[in-house]
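Here, residue 1 is the first one in the sequence, and each next residue gets the next number. Values below: every heavy atom of this structure, side chains too, minus hydrogens, waters and symmetry copies.
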Amino acid sequence: MTVRVGVIGAGMIGQDHIRRLTDVVTGATVTAVTDIDQARAAEVAATVGAVALPTGAELIASPEVDAVLVTSWGPTHAEHVLGAIAAGKPVFCEKPLATTAEDCLRIVDAERAHGRRLVQVGFMRRFDAGYRQMKEVIATGSLGTPLIVHCAHRNPTVPESYTSAMAAQDTAVHEIDVLRWLLDDEIVSAQVITPRATGMRFEHLKDPQLMYFETANGVRIELEVFVNCQYGYDIQCETVGEKGLVRLPDPAAVGVRTAGAHGTAVPQDWKGRFADAFDTEFREWINGIAAGVEPTGPSAWDGYAATVITDAAVRSLESDSQLITVDMKPRPALYGGTA
């Protein structure tokens, strides 16, 4: 079958995913688009032969839409995801699932009441080949029990609108999700420390930040978030076990020798670094819908967990680096828990 997708939000990420569903992923077609800017929605819809609809609610209710993609402004996510669940339609929501833990729990409760998973959250790292290889190595047990994880998330620059809290909410949130998945373990505490600030930042911004997390099984995670590193978009991850370690590979790039130096290119943005992961993410989502199975990617519960953990990190940042306990509800059975 061809899965007919309606897209709520026609900004940069929405347009990129529309291109992906149209030109890269087989078995999908975009049939409807909506955006707060109706002229932009009409323009984007016309490029793929879709209809532009006035509201997200109308798009979700359309008989020409089998599945919903939410790429609108973060505070609108909960409304649209809840609407898709009420309509019984699969929904892919770019992060965040919602901007508050309370709204995330509303989504979890709605999905539980529906009785099966419909929601997938856009944490694309789980679909990256390097991270998947790391998980396979950890799962074999060849490294022994994981003890420590070292990570870095570096951006060349960020705009002036970027705030100190966004280091956790928009940046570290990807590591938070992928490490919960890699370790099959839950994060129970967070602490954020601010070292000497780079002179390359806007004055209001605390950058870099060092984030420390502990899991329920005692794994210690150290994450450097440095969003004005200047040189490129650099994602690093190393898991140290009792008998060895596994390190995330850098993206494949040719080595260049010239002028007495040997170097390789560093990606400059997240789109270049994780393009293949995005493609795989959507390919698997569409294939699952076509097969009539529940989504296997990040769940509504994962969206809730990420929000609770980033909230704890922000509280630590704003309270002079206090260690903050993560206050997470018991995991429901729908998501592999016991509650």
Side-chain angles (χ1 to χ4, degrees), residues 12-13 16-17 19-21 23-26 28 69 71 92-97 119-140 142-143 146 149-156 168-185 187 211 213 215 219 221-227 229 232-241 245-254 264-288 295-299 302-303 305-306 309-310:
M12 180 187 69
I13 189 82
D16 194 44
H17 289 338
R19 175 199 60 77
R20 183 168 284 107
L21 288 168
D23 298 338
V24 178
V25 176
T26 59
L69 170 60
T71 55
F92 184 108
C93 181
E94 269 300 344
K95 62 94 177 166
L97 175 64
V119 179
Q120 181 164 320
V121 184
F123 291 122
M124 98 298 290
R125 299 271 185 99
R126 298 190 188 196
F127 300 89
D128 176 73
Y131 278 110
R132 286 187 162 186
Q133 290 167 17
M134 287 185 72
K135 186 169 178 64
E136 290 173 4
V137 170
I138 293 169
T140 66
S142 61
L143 304 180
V149 181
H150 304 285
C151 295
H153 188 142
R154 304 184 183 113
N155 291 61
Q169 295 166 337
D170 281 19
T171 302
V173 66
H174 286 289
E175 274 78 16
I176 287 168
D177 176 75
V178 82
L179 292 175
R180 292 177 56 250
W181 171 75
L182 270 179
L183 299 171
D184 193 20
D185 200 357
I187 291 172
M211 302 184 183
F213 303 99
T215 73
V219 179
I221 297 167
E222 172 193 57
L223 168 60
E224 170 204 322
V225 176
F226 187 10
V227 295
C229 78
Y233 182 76
D234 190 9
I235 303 300
Q236 301 292 325
C237 183
E238 179 180 271
T239 300
V240 181
L245 64 83
V246 59
R247 181 179 295 120
L248 184 70
D250 286 328
V254 297
T264 56
V266 177
Q268 293 301 298
D269 58 37
W270 53 270
K271 288 190 292 185
R273 171 63 179 82
F274 288 111
D276 290 344
F278 278 114
D279 291 349
T280 301
E281 175 185 47
F282 275 90
R283 190 174 291 113
E284 293 186 9
W285 181 59
I286 291 296
N287 288 345
T296 58
S299 67
D302 294 317
I309 296 163
T310 57

Hey, is the main chain of [Y] close enough, under 3.5 Å, to the side chain of [X] for a donor-acceptor pair?
X      : Y      : result
Lys95  : Met124 : no
Gln268 : Val266 : yes
Thr171 : Ala168 : no

Closest approach of [X] and [Y], non-hydrogen atoms and distance?
X      : Y      : result
Cys151 : Cys237 : SG-SG, 3.7 Å
Asp177 : Pro298 : OD2-CG, 4.3 Å
Val225 : Ala172 : CG2-CB, 4.0 Å
Phe282 : Leu21  : CD2-CD2, 3.9 Å
Cys229 : Gly232 : SG-O, 3.2 Å
Ala265 : Ala253 : O-CB, 4.2 Å

From [atom1] ([X]) to [atom2] ([Y]), nearest 0.5 Å:
X      : Y      : atom1 : atom2 : answer
Ile176 : Leu223 : CD1   : CG    : 7.5 Å
Asp250 : Asp234 : CG    : CG    : 6.5 Å
Glu94  : Ile13  : CD    : CD1   : 4.5 Å
Asp128 : Leu248 : CG    : CG    : 6.5 Å
Asn287 : Thr26  : CG    : OG1   : 6.5 Å
Arg125 : Met134 : CZ    : CE    : 11.0 Å

Please tell me if the side chains of [X] and [Y] come closer than 4.5 Å, counting only heavy atoms from C-beta onward.
X      : Y      : result
Phe278 : His17  : yes
Val219 : Val149 : yes
Val119 : Leu97  : yes
Thr239 : Ile138 : yes
Val173 : Pro96  : no

Donor + acceptor pair across side chains of His150, Glu224 (<3.5 Å):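 The criterion, which ignores hydrogens and geometry beyond distance, is not satisfied for Glu224 and His150.
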Can we say [X] and [Y] salt-bridge, meaning some charged N sits less than 4.0 Å from an Asp/Glu carboxylate O?
X      : Y      : value
Arg180 : Asp302 : yes
Asp184 : Lys135 : no
Glu281 : Arg132 : no
Asp279 : Arg20  : yes

Mutual orientation of the aromatic rings belonging to Phe123 and His174 [parallel < 30°, tilted 30-60°, perpendicular > 60°]: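 Rings of Phe123 and His174: perpendicular, as their planes differ by over 60°.
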Parallel, tilted or perpendicular: ring planes of Tyr233 versus Phe274, cut at 30 and 60 degrees: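 Geometry flag for Phe274 against Tyr233: perpendicular rings.
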More than 12 heavy atoms from other groups under 6.0 Å of CZ on Arg247: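 For Arg247, atom CZ is not crowded (no more than 12 foreign heavy atoms under 6.0 Å).
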Heavy atoms of other groups near Asp276 CG, more than 12 under 6.0 Å: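 Check fails, neighbour count at 12 or below.
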Derivation and outcome, side-chain contact (heavy atoms from CB on, under 4.5 Å), residues Glu175 and Ile221: CA-CA 10 Å; Glu175 274 78 16; Ile221 297 167; over 6 Å; no
Test log, rule side-chain contact (heavy atoms from CB on, under 4.5 Å), inputs Tyr131 and Ile235: CA-CA 11 Å; Tyr131 278 110; Ile235 303 300; 3.5 Å; yes
Within the 6.0 Å centroid threshold, strictly below: Trp285 and Phe127: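 Distance test on ring centres: not under 6.0 Å, no.
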Aromatic centroids of His153 and Phe226 separated by under 6.0 Å: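 When the ring centroids of Phe226 and His153 are compared, they turn out to be at least 6.0 Å apart.
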